[in-house]
2 protein chains.
Amino acid sequence: MGRSTFVIKQRAFLKLYMIHEAEKGRLYGLQILENLQDYFKDLGYRPTKSEVYKSLHELLKDGYLTREPIIKEGTEMQTLYIYRIGDKEKVKAYKDTIKADLDRSIALLKRALKDNYSQKRG
Amino acid sequence: MGRSTFVIKQRAFLKLYMIHEAEKGRLYGLQILENLQDYFKDLGYRPTKSEVYKSLHELLKDGYLTREPIIKEGTEMQTLYIYRIGDKEKVKAYKDTIKADLDRSIALLKRALKDNYSQKRG
DNA sequence: AGATGAACATTGTGTTCATTA
DNA sequence: TAATGAACACAATGTTCATCT
């Protein structure tokens, strides 16, 4: 993997949610974005368009996801894609590695809490 | 504060530990670095020289810390600084804001764990 | 106008070089 | 050589612009 890592990258974090959406297979890019912006609002996190698209593109390129264009009723435009899971085994393995990074990151941050904010005794 | 933030920045994380060391007031820059590299080894995190120095410099500049040159016995060189707490009240307030960011970050990562790795029921 | 995508700009961070004693 | 510090390079991310229907 990459060099010495601090905590998990935003990109990896988002990819997890992209996969999540792909498993449902209902929403297209911008909808996913808006959903997430709303969902994380309470935690002061607002993902950007480019991060969501880049996450999706990388997942496509690496074969984790596939997509298909959808015809929107009422119009003839079709620049709109629904994402689905590609290689299920591959996705599972990928999620495992991200989980490890998430666990590690949480441990790191919790350690900082403990070291710097808990009452010292003795 | 800054725009939409994902999780806490490495710099802020390190500053917490710099303050921690300054409270003890025993170690100089490189020692702190090596201590932290060792301390976080188990979590795959290896802070770099530049991040540690930049953290210390910013804390100095902003008045959170002070420092004094130390004469190392046996030699006449004194390019070596021990850091101490500057404005205690200011430091306390600063630590409070970092704690909020740590808490927020942990909540964010935990939410990802829950959303993507817990068994679905119903 | 709505959606996707690329280009560009900035920031965060790591690596290398410089200085001092 | 040990320590500090600055310069430089690169990677991660945010903002703006382009395209297509």
Side-chain angles (χ1 to χ4, degrees), chain A residues 1-15 18 21 26-37 40 44-61 65-83 101 105 108, chain B residues 1-15 18 21 26-37 40 44-61 65-83 101 105 108:
Chain A
M1 300 283 148
R3 308 289 101 133
S4 86
T5 38
F6 175 52
V7 293
I8 190 171
K9 294 291 183 296
Q10 180 181 186
R11 186 78 48 89
F13 178 95
L14 282 177
K15 281 179 179 174
M18 298 304 116
E21 286 301 331
R26 279 193 262 101
L27 304 180
Y28 57 88
L30 275 193
Q31 284 178 331
I32 295 175
L33 171 66
E34 283 158 16
N35 268 15
L36 289 182
Q37 288 180 338
F40 289 118
Y45 171 48
R46 184 184 156 86
T48 63
K49 207 179 62 165
S50 79
E51 272 305 308
V52 165
Y53 277 128
K54 280 181 189 164
S55 300
L56 287 171
H57 295 342
E58 286 184 13
L59 288 169
L60 277 178
K61 173 173 63 63
L65 301 187
T66 63
R67 74 176 186 182
E68 48 182 319
I70 291 297
I71 315 296
K72 215 181 184 181
E73 39 181 287
T75 74
E76 67 295 14
M77 67 169 152
Q78 45 176 299
T79 56
L80 182 150
Y81 297 92
I82 298 293
Y83 293 82
D101 204 16
S105 302
L108 200 56
Chain B
M1 302 281 150
R3 306 290 101 133
S4 88
T5 38
F6 174 51
V7 294
I8 190 172
K9 295 288 182 297
Q10 180 181 185
R11 185 80 47 89
F13 178 93
L14 283 177
K15 282 180 180 176
M18 298 303 116
E21 286 302 331
R26 279 193 265 103
L27 305 180
Y28 57 88
L30 274 194
Q31 284 178 330
I32 296 176
L33 172 66
E34 282 159 17
N35 268 14
L36 288 182
Q37 288 180 339
F40 289 118
Y45 171 49
R46 183 185 156 88
T48 63
K49 207 180 62 166
S50 79
E51 273 304 309
V52 166
Y53 276 128
K54 281 180 190 166
S55 299
L56 287 171
H57 295 341
E58 286 184 12
L59 288 168
L60 277 178
K61 174 173 62 64
L65 301 187
T66 64
R67 73 177 187 182
E68 49 182 317
I70 291 297
I71 315 296
K72 216 179 182 182
E73 39 182 286
T75 75
E76 70 290 20
M77 69 169 151
Q78 45 176 297
T79 57
L80 180 150
Y81 297 92
I82 299 292
Y83 293 83
D101 204 16
S105 302
L108 199 56

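No hydrogens, no waters, no symmetry mates; every other heavy atom, side chains included, goes into these values. So you know, we letter chains A, B, ... as the sequences are listed, proteins then strands, and number each from 1.
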Exercise for review: May I have the distance from Leu14(A) (atom CG) to dG14(D) (atom C1'), rounded to whole angstrom?
Suggested key: 13 Å
Study note, to complete from the structure: When rounded to whole Å, the CD to P distance for the pair Glu51(A) and dA9(C) reads 18 Å
Point to revise | 5' priority, DNA chain C, between Ile8(B) and Lys54(A) [closest heavy atom] | key: Lys54(A)
Study note, to complete from the structure: side chain to side chain contact (heavy atoms under 4.5 Å, CB included) filter on Ile82(B), not counting sequence neighbours, yields Tyr28(B), Ile70(B), Arg84(B)
Review point. Quick one: Ile82(B) CD1 to dT4(D) C1', roughly how many Å, whole number?
Key: 13 Å
Point to revise | Flag side-chain contact, heavy atom, 4.5 Å: Leu33(A) against Glu51(A) | key: no
Check your understanding: With sequence neighbours excluded, what pairs up with Tyr81(B) under the ring pair (Phe, Tyr, Trp, His ring centres under 6.0 Å) test?
Key -> none
Check your understanding: For Lys15(A) and dT13(D), what is the distance between atoms NZ and P respectively, to the nearest whole Å?
Key -> 10 Å
Exercise for review: Could you tell me the separation between the CD atom of Glu58(B) and the C1' atom of dG12(C), rounded to a whole number of Å?
Suggested key: 11 Å
Exercise for review: Round to the nearest Å and state the distance from Leu33(A) atom CG to dT13(D) atom C1'.
Suggested key: 14 Å
**Study point:** Minimum-distance pair of heavy atoms, taken over all atoms of Phe6(A) and Lys9(B)
**Key:** CE2-C, 3.9 Å
Check your understanding: Roughly how many Å is it from NZ in Lys9(B) to P in dG14(C), rounded to a whole number?
Key -> 13 Å
Study note, to complete from the structure: Rounded to whole Å, the OH-P distance (Tyr45(A) to dA12(D)) equals 15 Å
Review point. What heavy-atom pair brings Ser55(A) and Met18(A) nearest, and what distance separates the two atoms?
Key: CB-CG, 4.0 Å
Check your understanding: Leu56(A) and Gly29(A): which non-hydrogen atoms are nearest, and at how many Å?
Key -> CD1-CA, 4.2 Å
Heteroatom pairs (N/O) under 3.5 angstrom, protein to nucleotides 4-6 of chain C:
residue, atom, partner, partner atom, Å
dT4(C), OP1, Gly29(A), N, 3.3
dT4(C), OP2, Leu30(A), N, 2.7
dT4(C), OP2, Tyr53(A), OH, 2.6
dT4(C), O5', Tyr53(A), OH, 3.0
dG5(C), OP1, Arg67(A), NH1, 2.6
dG5(C), OP1, Arg67(A), NH2, 2.6
dG5(C), OP2, Arg67(A), NH1, 3.1
dG5(C), O6, Lys49(A), NZ, 2.4

